[in-house]
Trainee: 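Sharing a structure with you now.
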Protein chains: 2
Amino acid sequence: MLSEFSLIDRYFARRARANTRRAALGIGDDCALIAPAAGEMLAVSTDMLVEGRHFFPDIDPHALGHKALAVNLSDLAAMGAQPLGFTLAFALPRPEEDWLAAFSAGLFELADRFGCELIGGDTTAGPLNLCLTIFGSVPPGAALRRDAAQAGDDIWISGTPGDARAGLGMMRGDWPIRQMTQMSGEDAAHLRRALEYPEPRVALGLALRGVAHAALDVSDGLAGDLRHILQRSNLAATIDVDALPRSPALARLPRDVQLQCALAGGDDYELCFTAAPARRQAVEAAAQQAGARVTRIGTMNSLTSPRAAPEIAWRDAAGTPLTLTLQGFDHFHAD
Amino acid sequence: MLSEFSLIDRYFARRARANTRRAALGIGDDCALIAPAAGEMLAVSTDMLVEGRHFFPDIDPHALGHKALAVNLSDLAAMGAQPLGFTLAFALPRPEEDWLAAFSAGLFELADRFGCELIGGDTTAGPLNLCLTIFGSVPPGAALRRDAAQAGDDIWISGTPGDARAGLGMMRGDWPIRQMTQMSGEDAAHLRRALEYPEPRVALGLALRGVAHAALDVSDGLAGDLRHILQRSNLAATIDVDALPRSPALARLPRDVQLQCALAGGDDYELCFTAAPARRQAVEAAAQQAGARVTRIGTMNSLTSPRAAPEIAWRDAAGTPLTLTLQGFDHFHAD
């Protein structure tokens with residue numbers, strides 16, 4: 001439990017011990033003790049981040065600390081859960097003070113913003129690997145589940161998906177440089193920030209309790225992730241690709257790149273959710289309360305036959321069917 | 001969430017979905033939902049296992065599946081917590097069916113024995129790394145905490161500590177072969193099994209609720225781990241090294257190797273706990289109920305002065321002080 005290196009104790013364990021409020025017992029015993037609010041369930045999610053696959057070897061450790069927690073907070077957001085705490089296990093080739101200081105700063109800045117405390121952990125020597133398990137509290141009936149979408153529901157997306165994938169493409173040089181040179185420094189910084197400092201939509205997830213039916217966070221690309229809702233809710237979907245919100249920075253890229261990023265690009269951690277058309281005002285009010293932008297991009301449909309595949313039909317603003325060849329954005333390695 | 005490789009889905013996710021009882025919502029959504037029993041706390045522990053450090057690269061994957069869960073169940077045992085479920089995150093260089101079949105068999109055989117369900121996970125490509133986070137249920141006042149030892153308490157140990165370290169030494173050739181050749185095939189199998197298939201003392205931990213004061217599981221060696229109780233309870237200890245229970249297999253090794261293994265060897269996952277002398281019969285009854293052997297090996301003492309270090313005094317059966325030079329068994333790399 002975070003005891004093997006004094007440097008690690010310095011940056012993580014002492015801080016965690018000093019800050020522990022929600023956990024009855026934190027770092028320093030065999031287990032941490034935690035409880036959801038009375039009558040609520042504990043929502044649990046775990047993510048492992050590996051160098052070269054989920055982040056570049058030369059990533060700013062402050063950004064890595066942020067992102068490691070952000071992707072887990074995003075899973076709570078997608079469930080409508082209130083963050084409580086997290087455990088952090090990591091393997092490091094060797095403890096380096098500068099690296100640990102920056103990583104822990106990025107991690108705890110985000111943790112503090114969401115009142116999410118480090119309650120336990122493990123450290124070991126090995127190739128760089130981070131494993132976070134996060135805990136939140138949610139009333140059982142209020143959880144935004146993937147299997148709860150209804151035929152006729154609107155499909156909504158938060159933020160401007162595609163920015164993180166565009167930031168990755170920009171940093172990695174995926175597209176001809178002449179397409180990128182039309183981009184201002186401000187735009188480039190926006191895309192890079194979308195990749196390195198994703199903002200988990202926790203407040204939106206909480207505000208959507210009782211308003212949205214189904215929700216998930218878009219980590220692997222909208223086209224691929226929306227299918228999880230379709231499969232589990234046994235429905236099909238129609239998406240108006242022209243309705244997809246695009247940031248000014250993304251909008252400077254060629255249209256096919258925009259679509260590829262917005263539909264198949266991952267790592268944005270925006271919420272995709274469904275709600276009844278009668279709740280449009282409630283959705284807008286929830287978004288306003290949460291300080292998030294939300295956009296209606298399509299409709300959930302009944303399957304044409306009981307054995308039909310739960311597929312997505314793509315349309316443009318005029319309703320013309322589009323054929324898109326999209327591959328799921330499988331983190332860094334697949335493309 | 002275990003969706004990236006169909007092989008992994010086959011060995012983990014489907015099984016988990018079919019078996020989910022305690023979790024209200026298991027694999028397949030953004031979070032799993034779990035709750036402790038009414039009025040109880042959730043005990044949480046996380047451990048990361050890295051190839052070359054926590055296990056040999058050529059370890060039998062069945063044994064690895066067992067051990068990865070066993071070390072986490074042992075943390076629950078040391079808290080007196082009832083196992084509920086666990087998440088599994090792992091990085092694999094590539095999914096290999098034979099390996100996954102054997103690993104998952106070892107994992108689920110142990111999980112089924114303790115009614116501990118896989119409720120969520122994550123898989124990724126990368127150097128072999130396993131991260132388990134385990135959940136148990138415990139009444140807040142009944143948890144066996146490290147800071148609850150009392151001056152005058154007896155110190156107890158379960159099982160025969162040292163066997164796992166002797167098994168490691170045997171497999172790695174730490175000691176001259178002529179010392180090992182006195183060992184029967186049966187003894188060698190016992191030591192190897194202690195290393196590869198540690199038995200988490202869950203039933204003992206539960207039976208010790210309300211009987212023991214402090215407890216922990218010995219993962220890094222009795223001498224080093226007992227210090228955690230001393231530091232957190234602000235006490236000293238006296239240990240009678242001749243009282244240490246030794247298996248017939250360990251007893252065939254030279255006395256200094258026996259002591260080194262029993263006091264500084266890790267990976268046994270036996271429980272070390274303290275209880276009032278008035279509760280000796282209750283401790284014996286708890287051990288009998290749990291089917292575990294327990295042995296009284298020492299006493300907790302008040303510090304000689306408020307600023308004295310919480311140290312361990314080693315004695316032999318005649319009460320003669322011993323000077324032992326023990327290094328904490330720091331998994332594979334330190335020795």
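Note on naming: letters A, B, ... go to the chains in the order of the sequence lines (proteins, then strands), and numbering restarts at 1 for each one. Keep in mind that what you see is a predicted model, and the values were worked out from it rather than measured.
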Trainee: Is chain A contacted by the side chain of B:Ile134, its backbone, both, or neither, given a heavy-atom distance below 4.5 Å?
Mentor: neither

Trainee: Please look at B:Ala215 and chain A and tell me whether the side chain, the backbone, both or neither of the residue comes under 4.5 angstrom of a heavy atom of that chain.
Mentor: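 For B:Ala215, backbone heavy atoms alone lie under 4.5 Å from chain A.
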
Trainee: Looking only at the aromatic ring of each residue, does the gap between the centers of A:Phe135 and B:Phe135 stay below 6.0 angstrom?
Mentor: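 B:Phe135 vs A:Phe135: aromatic centres under 6.0 Å.
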
Trainee: Side chain, backbone, both or neither: which part of A:Leu76 has a heavy atom under 4.5 Å from chain B?
Mentor: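 Both backbone and side chain of A:Leu76 come within 4.5 Å of chain B.
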
Trainee: Is the backbone of B:Asp30 close enough, under 3.5 Å, to the side chain of A:Ser45 for a donor and an acceptor to pair up by distance?
Mentor: yes

Trainee: For the residue pair A:Phe273 and A:Trp156, categorise the inter-ring angle as parallel (less than 30°), tilted (30 to 60°) or perpendicular (more than 60°).
Mentor: parallel

Trainee: As an exercise: rank B:Gly136, B:Gly126, B:Cys131, B:Gly39 by heavy-atom pairs under 4.5 Å with chain A and give me the winner.
Mentor: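 Among the listed options, the one with the most contacts to chain A is B:Cys131.
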
Trainee: For the side chain of A:Asn129 and the backbone of A:Met48, is there at least one donor-acceptor N/O pair under 3.5 Å apart?
Mentor: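 The answer is no, because no donor-acceptor pair under 3.5 Å joins these two groups.
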
